[in-house]
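Written out below as structure tokens is the structure these notes cover.
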Amino acid sequence: MRIAMWSGPRNISTALMRSWENRADCTVCDEPLYAHYLVATGLDHPGRAETIEHHNADWQSIVDWLTGPIPQGRDIWYQKHMAHHLLPQIDRGWLSQLSNCFLIRDPAEMITSLIEFIPEPRLEDTGLPQQVEIFDLVKRQTQAIPPVIDGRDLQINPPRVLGRLCQRLGVSFSESMLHWPPGIRSTDGAWAPYWYDKVATTTGFSQYRPKPTEVPERLLDLVAECRQLYEQLAAYRIH
């Protein structure tokens, strides 16, 4: 099984990757389209040079790899994706070969975290327009509602939400998904030193606490746009 988890930035996507990587039957990959995204857009993200130097930027060969044999002979390949990395020029047909899932986060909390790294984010930087597009595509392809989880729900009750996600995917839940060793690891992208300071200290999902930071006034319209898209996906989330 190849699981593609489509997320936006500043969710708990890396912690969720840690969770799946801690399963004995699972291997993972970290944002495999990121280098292509940076080269194609010219955006200056933290760790840009290292990402382009150390990762494949040819989307076609990346897709061939993602839909090919599962590395290490494992039964499950968990692929952590940022939805906005799936640029318009990238073919979508290969998504039908994956079990596609979606990880969302309240837009106000996401934006106030994202501006620590990208001070003036655009709507397309949030991944939400792309998540809705991919969700609609997968729904049409499969004639079924793909799984959606909210980071807040996952933090409130990890075994319940992970258990239901595994059930939807047709795999058994493992208690090993609830805890993992701390630190940076070889499966992390070259951008990890810039983005993963907090998750590197974790050994499990942190307890959810509302983010106290207020949204800057200049970004209130952006948050409102994001919320409309977020609500479209949140209507289907696993509770």
Side-chain angles (χ1 to χ4, degrees), residues 1-8 11-33 62-83 85-86 90-105 127-128 130-181 185 187 199 204-205 208 230 232-239:
M1 172 172 286
R2 295 167 187 80
I3 299 169
M5 181 62 74
W6 298 98
S7 178
N11 205 327
I12 55 170
S13 57
T14 307
L16 188 55
M17 180 176 68
R18 293 277 190 273
S19 172
W20 282 90
E21 189 174 16
N22 213 43
R23 294 177 61 115
D25 59 355
C26 184
T27 190
V28 304
C29 62
D30 189 14
E31 301 181 30
L33 292 167
I62 296 166
V63 166
D64 291 343
W65 175 60
L66 294 172
T67 56
I70 298 179
Q72 303 174 312
R74 303 288 172 84
D75 295 325
I76 300 171
W77 189 357
Y78 181 89
Q79 302 173 6
K80 172 197 167 193
H81 290 283
M82 291 291 109
H85 293 173
L86 191 69
I90 299 176
D91 175 69
R92 268 57 170 162
W94 60 285
L95 299 183
S96 63
Q97 301 180 55
L98 310 173
S99 296
N100 295 279
C101 311
F102 299 84
L103 175 63
I104 58 176
R105 184 185 186 185
L128 278 162
Q130 300 90 339
Q131 281 185 302
V132 170
E133 179 220 331
I134 300 166
F135 179 88
D136 290 341
L137 174 63
V138 172
K139 189 168 65 169
R140 290 195 304 270
Q141 286 178 339
T142 62
Q143 296 295 300
I145 304 297
V148 179
I149 57 175
D150 190 300
R152 175 173 55 187
D153 296 331
L154 181 54
Q155 288 180 291
I156 290 172
N157 195 335
R160 173 66 173 168
V161 173
L162 286 173
R164 292 197 64 194
L165 175 62
C166 288
Q167 185 180 42
R168 291 281 301 276
L169 290 168
V171 300
S172 61
F173 169 69
S174 171
E175 292 284 338
S176 65
M177 300 177 73
L178 300 177
H179 302 284
W180 52 84
R185 55 204 63 192
T187 47
V199 75
F205 293 103
Y208 173 75
Y230 166 83
Q232 292 181 48
L233 297 170
Y236 298 103
R237 77 186 195 274
I238 292 171
H239 290 279

Indicate yes or no: at least one non-hydrogen side-chain atom of [X] is less than 4.5 angstrom from one of [Y].
X	Y	value
Gln79	Arg2	yes
His81	Pro32	yes
Gln167	Phe173	no
Pro147	Arg164	no
Cys101	Ile3	yes

*For side-chain contact (heavy atoms from CB on, under 4.5 Å), just list the numbers for Cys26 and Arg74, CA-CA rounded to whole Å, side-chain angles, deciding distance to a tenth of an Å, and then say yes or no.*
CA-CA 6 Å; Cys26 184; Arg74 303 288 172 84; 5.7 Å; no

Which pair of heavy atoms, one from [X] and one from [Y], lies closest together, and at what distance?
X	Y	value
Gln131	Gly8	NE2-N, 4.0 Å
Pro146	Ala144	CD-O, 3.3 Å
Leu98	Ala4	CD1-CB, 3.7 Å
Ile238	Ile149	CD1-CG2, 3.9 Å
Pro158	Phe205	CB-CD1, 3.8 Å

*asked:* Would Leu162 and Leu178 count as a side-chain contact (heavy atoms from CB on, under 4.5 Å) here? Give the steps.
replied: CA-CA 9 Å; Leu162 286 173; Leu178 300 177; 3.9 Å; yes

_Sequence-distant partners of Arg168, salt bridge (Lys or Arg N to Asp or Glu O under 4.0 Å), two or more places apart_ = none

Rounded to the nearest 0.5 Å, how far apart are [atom1] of [X] and [atom2] of [Y]?
X	Y	atom1	atom2	answer
Thr187	Arg18	OG1	CZ	6.0 Å
Leu154	Ile12	CG	CD1	4.0 Å
Trp77	Asp25	CH2	CG	15.5 Å
Asp75	Thr27	CG	OG1	11.5 Å
Met5	Trp20	CE	CH2	7.0 Å
Gln130	Trp6	CD	CH2	10.0 Å

Compile the donor-acceptor pairs under 3.5 Å between side chains in residues 62-71 and protein atoms, sequence neighbours left out, one pair per line.
residue, atom, partner, partner atom, Å
Asp64, OD1, Gln60, NE2, 3.3
Thr67, OG1, Val63, O, 2.8
Thr67, OG1, Asp64, O, 3.4

Please check if the side chain of [X] supplies one atom and the backbone of [Y] the other of a donor-acceptor pair under 3.5 Å.
X	Y	value
Asp153	His239	no
Asp91	Gly93	yes
Asn22	Met177	no
Arg185	Pro181	yes

*asked:* Would Ser7 and Met17 count as a side-chain contact (heavy atoms from CB on, under 4.5 Å) here? Give the steps.
replied: CA-CA 11 Å; Ser7 178; Met17 180 176 68; over 6 Å; no

Return a table of donor-acceptor pairs under 3.5 angstrom between the side chains of residues 133-141 and protein atoms on other chains or two or more places apart.
residue, atom, partner, partner atom, Å
Glu133, OE1, Arg92, NH2, 3.1
Glu133, OE2, Arg92, NE, 3.0
Glu133, OE2, Arg92, NH2, 3.3

_Verdict with reasoning, Arg23 to Ser172, per side-chain contact (heavy atoms from CB on, under 4.5 Å)_ = CA-CA 11 Å; Arg23 294 177 61 115; Ser172 61; 4.0 Å; yes

